[in-house]
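Reckoned from all heavy atoms, side chains included, excluding hydrogens, waters and symmetry mates. Each residue takes its place number in the sequence, starting with 1.
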Amino acid sequence: MTTSPTSRRRVRTPAQRTASETTRGRDERRAQQTWVDGAEPALPVRTTRPEHVVFHLGPTNSGKTYESLQALAAAGSGVYAAPLRQLAHEAYAKLSAQLPAGTVGLSTGEEEIDPYAPIVCCTVEKAPPRGELLVLDESHWVADPDRGHHWARLLLTGEYREMHLISAAEALLLLKPLVADAEQVVVVNHKRLSRLDVLHAPVKPSQVREQTLVVAFSRKTVYAVAAQLDPHRRGKVGVLYGALPPATRRDVIARFTRGELEVLVTTDVIGHGINVPATTVLFAETQKFDGTEMRPLRTWEAAQIAGRAGRYGLTGHGQVGVLGGVAGLKPLASLVAAGAAVARGDVMSDLPNRKPRLRPELDDLGAFEAVDLPEALTRWSMWARAATKADGPESAVMTPDDVSGLVLRVHALLPMLRGPLATDLWTVWRLINLAIDHDPPRKVRWLALARAALQHEAGLAVSRELVLPAVPRGSTVQDYEQAAAQAREAQTLLRSFPGVAGLTSADAAAVEEQCANRITELLPEAISLSTAARCTGCGTGIAPWFTTCRDCGTRPAGRAAADRRPPRSSGGRSGGGKAAASSGGSSGRGAGGRKPRKSDVGAGGRTDPNAFDRSARGRGSDAGPPPGDASRPKHRRRGRSAGGPTGAR
């Protein structure tokens, strides 16, 4: 008798399936660990230890960088490394003015000027692995979640005879174990060289003096604040933020230094050691979106910015305060005062206690093909977690970097690596490590550039417009900013893969320069014509991240602007009944009234802290206390979406 296939089928109970899955998972983990044990990467170490390490510790404007650059100039050979291109440019300019021609070079990734000169000023990613003397500015960036691994590897493996590490005093315990093998370690404590006073009353836009920095934390808010200040100093207000091309930023800083611009509205890009002749720093905001959440500034962040006031040798004593009178912005004077205390060196800051980051090199992974990379990165992460918990001076102070972003990039590339686009492991590794944003919506751009590089490596034709779009014609500042950003991304690609689409990095740099020149021409008009912080329907003052006020946003189609309900007085609720209901445009929900919506996040990646707190919206900062639910019509009550628009910030 023949047994049917059905009768031979083995039926497993849920308990048996669970046990099988548990066993399979345990076997996979054991196999991964065996793979790691068989090809363990080593923690980064140096073969030649430094003879002399000097820690320059202290608050802002205390001469730390000046003394370090003097030591570099005296040595005549070495490296100055910093987190920002602007800082590398400043050091390059100072040393070039002091030393003979050809002695100093510049290497920032975006710009190369005599990069093999005896002294090179560079960003940390471009720092050579060995040399005579290393000056590492803003050394506390070693704990930065995104870029800290570059600092950690330079400090752990850099073979320099002498190192000068510049940082706040709080970072000493973080940095010292990384150079524990040095023959001699010296700690130099610096004190602030100029006084920094706190303004106890908010400064109105009409009261802002020349040589003032006004700080906000998004592009839209920067323009809104500049538009409020421009009528009082027509044509003398400038803007500075991260989306501007580097050449434009340098031009704006130079104009402010020369006095052509009297007030500069800037993001916290100004806080990282950039020196300008500012006597006053005013905070228009004291909270920022850090990529994850909207939160108040930490005192060390406020101190970095506040310390720009009263730079020794550029101005007299400095002062710091808050800017008042801008709708929707309510900076905290107490937080600014706390930051000023840290900037003076009176108290310690709340610098996050993070460990330096450890990130793999390709040789650490033991991968043979691109398809091996996701598993190899995962195995490396398992090994690194175990290795950094072991005993020893190097392992005890490190923490593994998050490599999930690299894994995502590999998975995005693998479908392309077929047929003529199949390529070697080293090419894939370079592509996934390109310094081009991979977060949506920029992921599309990264994928397009990666495909262009693969086509070029395979000998296939690549469209020039795909890699380097043309310069816009007659467009807005934001259009030119986007074109400049694409040109910088093209430069990044072409430095690793020269010749793609018949282009060089110099071609992309020329496009970026054209965009930067147009932005420089358009900025004054863009500031004066900015409508941010004003309702586009009726002109009422609103928060900068909205485009219309509540009434205009909820008015039925076709209703005239003149028919707008009269504003409620700043004293609170008006008489009652229908008037009270209509004036209660700011419903009484707190921040927990509803969760933030996607529409609360603007194109700049910024979440409006008040977008889901209706008590802080309406006609501006003087909207007054909200009425209760019972006093408003049903369609305006809590839990309904009758509120005004949630614009981009």
Evaluation steps, side chain to side chain contact (heavy atoms under 4.5 Å, CB included), between V444 and L447: CA-CA 5 Å; V444 175; L447 281 172; 5.9 Å; no
Of all heavy-atom pairs between [X] and [Y], which one has the smallest distance, and what is that distance?
{"X": "T388", "Y": "R385", "answer": "OG1-O, 3.4 Å"}
{"X": "V179", "Y": "F55", "answer": "CG2-CZ, 3.8 Å"}
{"X": "S77", "Y": "L72", "answer": "O-CD1, 4.0 Å"}
{"X": "C121", "Y": "V104", "answer": "SG-CG1, 4.1 Å"}
{"X": "L466", "Y": "R445", "answer": "O-NH1, 3.0 Å"}
{"X": "V269", "Y": "R249", "answer": "CG2-NH1, 4.3 Å"}

Any side-chain donor paired with an acceptor under 3.5 Å for [X] and [Y]?
{"X": "D479", "Y": "T476", "answer": "yes"}
{"X": "Y80", "Y": "Y92", "answer": "no"}
{"X": "R359", "Y": "H149", "answer": "yes"}
{"X": "E465", "Y": "S463", "answer": "yes"}
{"X": "N517", "Y": "T520", "answer": "no"}
{"X": "T492", "Y": "R488", "answer": "no"}

Interatomic distance, [X] atom [atom1] to [Y] atom [atom2] [nearest 0.5 angstrom]:
{"X": "R409", "Y": "L414", "atom1": "CZ", "atom2": "CG", "value": "14.0 Å"}
{"X": "I119", "Y": "L106", "atom1": "CD1", "atom2": "CG", "value": "13.0 Å"}
{"X": "I270", "Y": "I305", "atom1": "CD1", "atom2": "CD1", "value": "9.5 Å"}
{"X": "S505", "Y": "E512", "atom1": "OG", "atom2": "CD", "value": "11.0 Å"}
{"X": "L421", "Y": "L454", "atom1": "CG", "atom2": "CG", "value": "5.5 Å"}
{"X": "D437", "Y": "L434", "atom1": "CG", "atom2": "CG", "value": "12.5 Å"}

Check: [Y] and [X] side chains under 4.5 Å, non-hydrogen atoms:
{"X": "L297", "Y": "Q287", "value": "no"}
{"X": "P50", "Y": "D181", "value": "yes"}
{"X": "P83", "Y": "T123", "value": "no"}
{"X": "W446", "Y": "L449", "value": "no"}
{"X": "R153", "Y": "R357", "value": "no"}
{"X": "L165", "Y": "V53", "value": "yes"}
{"X": "L413", "Y": "V428", "value": "yes"}
{"X": "R147", "Y": "E125", "value": "yes"}

Check this for me: does any side-chain nitrogen of one of [X] and [Y] sit under 4.0 Å from a carboxylate oxygen of the other?
{"X": "E90", "Y": "R85", "value": "no"}
{"X": "R49", "Y": "E159", "value": "no"}
{"X": "K126", "Y": "E112", "value": "yes"}

Please check if the side chain of [X] supplies one atom and the backbone of [Y] the other of a donor-acceptor pair under 3.5 Å.
{"X": "Y480", "Y": "P472", "result": "yes"}
{"X": "T221", "Y": "F217", "result": "no"}
{"X": "N433", "Y": "R430", "result": "no"}
{"X": "S381", "Y": "L377", "result": "no"}
{"X": "D401", "Y": "V403", "result": "no"}
{"X": "R250", "Y": "P245", "result": "no"}
{"X": "D364", "Y": "P360", "result": "no"}
{"X": "E301", "Y": "R298", "result": "yes"}
{"X": "S139", "Y": "L136", "result": "yes"}
{"X": "T157", "Y": "R46", "result": "no"}

Criterion side chain to side chain contact (heavy atoms under 4.5 Å, CB included) on Y160 and E132, from CA distance to verdict: CA-CA 5 Å; Y160 290 86; E132 178 67 16; 6.0 Å; no
Ring geometry between H56 and H164 (parallel below 30°, tilted from 30 to 60°, perpendicular above 60°): parallel
Working for ring-ring contact (aromatic ring centres under 6.0 Å, His included), residues W151 and H140: CA-CA 9 Å; W151 275 258; H140 58 266; 9.0 Å; no
side-chain contact (heavy atoms from CB on, under 4.5 Å) partner of P44, the single match among L178, L155, L154, L156: L156
From CA spacing to verdict: side chain to side chain contact (heavy atoms under 4.5 Å, CB included), V477, R219: CA-CA 12 Å; V477 168; R219 181 188 187 278; 3.8 Å; yes
More than 12 heavy atoms of other groups within 6.0 Å of E513 CD: no
Full working for side-chain hydrogen bond (donor to acceptor under 3.5 Å, both in side chains) between T248 and D251: CA-CA 5 Å; T248 303; D251 178 74; over 6 Å; no
CA sep, side-chain torsions, deciding dist, call: M163, V54, side chain to side chain contact (heavy atoms under 4.5 Å, CB included): CA-CA 6 Å; M163 293 182 176; V54 182; over 6 Å; no
